Q: 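Have a look at this one before I ask anything.
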Amino acid sequence: MLQPSTTAPPSTSESDQEKGRNDSNENGNGDNATNTKVTRKLGPNLARFRTIANVVKHNLKWTKIPQKADKDEPFVVRHSVGGQEQLLTFNAAAYKPNVQSICKLNEKAKYILGLPSWSRSDEDLQFLYTVVRKIKTFDRYSESVKRELVRVLSYEKYESGRVVVQQGQPGEAFYIIVGGCVSMELKEADRLTGSIHKQLIGELGPGATFGELALLHDSKRSVTVICKDDSEFLRIHKEDFDLVLRRSHQQNWDKKLQTIKDHKIFADWPDAEQRTTCDRSKLREYPPNAVILSDVGDIKDNIYFIISGHCKIVREVELLHRKLPTKETELILPPIDTNNEVSKNLVTLKTDVLQRHLLQICTIGKGMFFGVGEDLRKTHVIAAGRVVCLVVSRSVFARHGDRRETLDYLKRVAQGLLPEREHIFQCYMDNKRWRAYRKKLILDIVKRQSRKSTKRPMFRI
């Protein structure tokens, strides 16, 4: 349950007071003697004055924190997850999307990549190496592997509608998308009728890879990949893949399979289904503040299982700011329609302003999941630190009836973590009132301390 935070104002420690007493004695050797004589004459009154001044200075600095923070509307709530109460904070300025796009290839790079590997000069290889280092997809490889890659990479461009790989055909190459978009299509035969059904299982964009599974397992292509737009690729032939990349990709596949076997959702699945799940999943690492999933209005192709780290769930809430005759501002939660948008029939005044607020509503960590069909409209899943997710294709759960029941269970759990809109608003208002009370309390303490210090004699004559 969301509750207002009851964090107490910080108090001045004895060490801070002692530091305040000694501050005036750190002004250089020339003033030490004079300060010592004055201190002896004034006695404890001066020491008392310095202590009070230090307390006032400390509290004045602290009272400025809410004033600065109000611009970005941060707030603190407590939220119960799994029976444990957690302190949640949110500041909109801290959540700028962390987007790392793939480096586009210039004409010179395309020309060199079109040359046979044996005809590329040392200068050509060095130029390609600088290009490869800028492409995020290659970050997982060592520098020595990157230098080998620039010898064997080739460039290809296909028009929209072109089939890049065909399901059932032997694997001949590994592909890296540098431009455009491709769709993945799966053909399956009905067990009863024998009729063939086509299923679109996902789309891939710049930075994504495909084609490694058939090369790793020496098997046939499991899906058909079709260019959705005019697309550009970096291509590595099978023989070169075996020499340069097989070991790295095999280690990654083994690690992924072990992660699936250890996960409580997949642990009891048959070995064949675990391996199929491994083929249709990826381990992805996200840097701090990266937006993993944002404003999902419909069911997506992938489901995310958190392997390590924590994610913050941030909800967009629009509030009506209304100016009152007392010059104060009243916040109103406006009604919304079925599309989660503010109702067009809302009656407003000329001075009313509709503002968007980004409010953190909960935190989820290792063992949890998202993207399973819960309502994520106007909601963003953001990495709180370094986060590793197992990203599994939804088609894994759609193939069997009992797996669909598992998916329904995951959806109920994930939806249960998201508080209702009215509850979020109530918590936000409780915290605004608490912040106002805390600010007034600190200012009153400072004023009382100031009055006491002016009434009390500073020193004796």
Side-chain angles (χ1 to χ4, degrees), residues 72 74 79 81 86-105 129-146 149 176-179 181 202-210 212 234 245 248-249 251-253 255-256 258-260 262-263 281-296 300-316 358-372 374 376 378-393 414 417:
D72 290 324
H79 180 48
V81 178
Q86 299 180 1
L87 183 66
L88 309 176
T89 59
F90 177 72
N91 187 341
Y95 292 99
K96 296 178 180 179
N98 190 309
V99 179
Q100 299 183 11
S101 60
I102 189 167
C103 174
K104 292 185 177 180
L105 300 177
Y129 176 69
T130 60
V131 173
V132 164
R133 291 192 66 187
K134 296 177 182 178
I135 299 178
K136 186 177 182 297
T137 306
F138 295 108
D139 286 351
R140 66 168 112 167
Y141 304 126
S142 66
E143 296 303 309
S144 60
V145 170
K146 291 175 186 175
L149 280 172
I176 301 159
I177 306 174
V178 293
C181 178
E203 296 180 355
L204 299 175
T209 63
F210 61 91
E212 71 273 23
L234 291 176
L245 294 181
S248 173
H249 280 262
Q251 290 175 344
N252 181 68
W253 194 88
K255 178 182 178 182
K256 190 169 52 174
Q258 190 59 51
T259 300
I260 290 171
D262 293 340
H263 199 283
S281 62
K282 292 184 180 295
L283 278 174
R284 290 182 181 170
E285 182 176 337
Y286 299 92
N289 292 335
V291 179
I292 303 174
L293 206 60
S294 182
D295 195 15
V296 179
K300 290 296 182 181
D301 300 325
N302 297 320
I303 299 171
Y304 297 76
F305 296 87
I306 302 176
I307 304 303
S308 65
H310 291 81
C311 295
K312 298 182 179 182
I313 312 298
V314 177
R315 175 74 55 83
E316 296 180 24
L358 295 172
L359 310 180
Q360 181 181 314
I361 57 177
C362 68
T363 301
I364 56 177
K366 179 179 178 181
M368 294 306 296
F369 36 83
F370 55 91
V372 292
E374 72 275 32
L376 292 178
K378 294 193 175 183
T379 304
H380 314 279
V381 183
I382 301 168
R386 286 281 171 185
V387 174
V388 176
C389 288
L390 177 67
V391 185
V392 181
S393 172
L417 294 174

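If you're wondering where the values come from, they're calculated on a predicted model, not measured in any experiment.
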Q: Measure the spacing between CG of Leu359 and CZ of Arg315 and express it to the nearest 0.5 Å.
A: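 One finds 9.5 Å between CG of Leu359 and CZ of Arg315.
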
Q: Please confirm whether the backbone N or O of His380 pairs with a side-chain atom of Ser294, one donor and one acceptor, at under 3.5 Å?
A: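 Side chain of Ser294 to backbone of His380: no pair is present.
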
Q: Keeping the roles fixed (side chain from Glu285, backbone from Leu283), state whether a donor-acceptor pair exists under 3.5 Å.
A: no

Q: So, the side chain of Lys312 versus the backbone of Gln360: is there a donor-acceptor pair under 3.5 Å, distance only?
A: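 No, the answer is negative, given that no donor and acceptor are paired below the 3.5 Å cut-off.
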
Q: Once salt bridge (charged side-chain N to carboxylate O under 4.0 Å, His left out) is applied, do any residues pair with Lys378, and if so which ones, sequence neighbours excluded?
A: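 Testing Lys378 for salt bridge (charged side-chain N to carboxylate O under 4.0 Å, His left out), a comparison that skips the adjacent residues, returns Glu318, Glu341.
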
Q: Just wondering, do Ile260 and His263 contact through their side chains at under 4.5 Å, heavy atoms?
A: no

Q: Nearest 0.5 Å, what's the CG-NE2 distance between Asn252 and His249?
A: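 It is 7.5 Å, given to the nearest 0.5 Å.
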
Q: Quick one: pull up CD1 in Ile176 and CG in Leu204 and give me the separation to the nearest 0.5 Å.
A: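 These two atoms lie 12.5 Å from each other.
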
Q: What distance separates Ile177 CD1 from Thr209 OG1, expressed to the nearest 0.5 Å?
A: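 If we round to the nearest 0.5 Å, Ile177:CD1 and Thr209:OG1 are 8.0 Å apart.
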
Q: Hey, could you give me the CH2/CD distance between Trp253 and Gln258, rounded to the nearest 0.5 Å?
A: 11.0 Å

Q: Do the non-hydrogen side-chain atoms of Met368 and Leu417 ever get within less than 4.5 Å of each other?
A: yes

Q: Would you mind reporting whether Ile135 and Lys146 have side-chain heavy atoms less than 4.5 Å apart?
A: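 Sidechains of Ile135 and Lys146: no contact.
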
Q: So do Thr137 and Leu234 actually touch side chain to side chain, heavy atoms under 4.5 Å?
A: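 Heavy-atom side-chain distance check fails, nothing below 4.5 Å.
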
Q: Would a 4.5 Å heavy-atom cut-off, applied to side chains only, mark Ser393 and Asn302 as touching?
A: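 They are in side-chain contact.
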
Q: Taking all non-hydrogen atoms of both residues into account, name the closest pair between Gly202 and Asp301 and its distance.
A: CA-OD2, 3.3 Å

Q: So, for Leu293 and Gly371, which heavy atoms are closest and what is the spacing to 0.1 Å?
A: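 Looking at all heavy atoms of both residues, the shortest contact is CD2-CA, 4.1 Å.
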
Q: Is the closest side-chain heavy-atom distance between Phe138 and Val145 below 4.5 Å?
A: no

Q: With a 4.5 Å limit on heavy-atom distance, are the side chains of Ile364 and His310 in contact?
A: no

Q: Should Asp139 and Lys136 be marked as a side chain to side chain contact (heavy atoms under 4.5 Å, CB included) after you check the CA-CA gap, both sets of side-chain angles, and the distance that decides it?
A: CA-CA 5 Å; Asp139 286 351; Lys136 186 177 182 297; 3.5 Å; yes

Q: Which pair of heavy atoms, one from Val387 and one from Ala384, lies closest together, and at what distance?
A: CG2-N, 4.3 Å

Q: Can you see which heavy atom on Gly179 is nearest to which on Pro206, and at what distance?
A: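 Reported closest heavy-atom pair: CA-CG, 4.3 Å.
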
Q: Between Ile313, Val291, Ile306, which is the residue that forms a side chain to side chain contact (heavy atoms under 4.5 Å, CB included) with Val381?
A: Ile313

Q: List the atom of Gly367, the atom of Phe369, and the distance in Å for their closest heavy-atom pair.
A: O-CD2, 3.8 Å

Q: Tell me, please, which residues at least two apart from Phe370 pass ring-ring contact (aromatic ring centres under 6.0 Å, His included).
A: Tyr304

Q: Atom CZ in Arg140, atom OG in Ser248: separation rounded to 0.5 Å?
A: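 It is 6.0 Å, given to the nearest 0.5 Å.
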
Q: With a 4.5 Å heavy-atom cut-off, do Leu376 and Glu374 have their side chains touching?
A: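 Answer yes - side chains close enough.
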
Q: For residues Pro287 and Ala383, report the shortest heavy-atom separation together with the two atoms involved.
A: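 Smallest interatomic distance, heavy atoms only, reads O-CB, 3.4 Å.
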
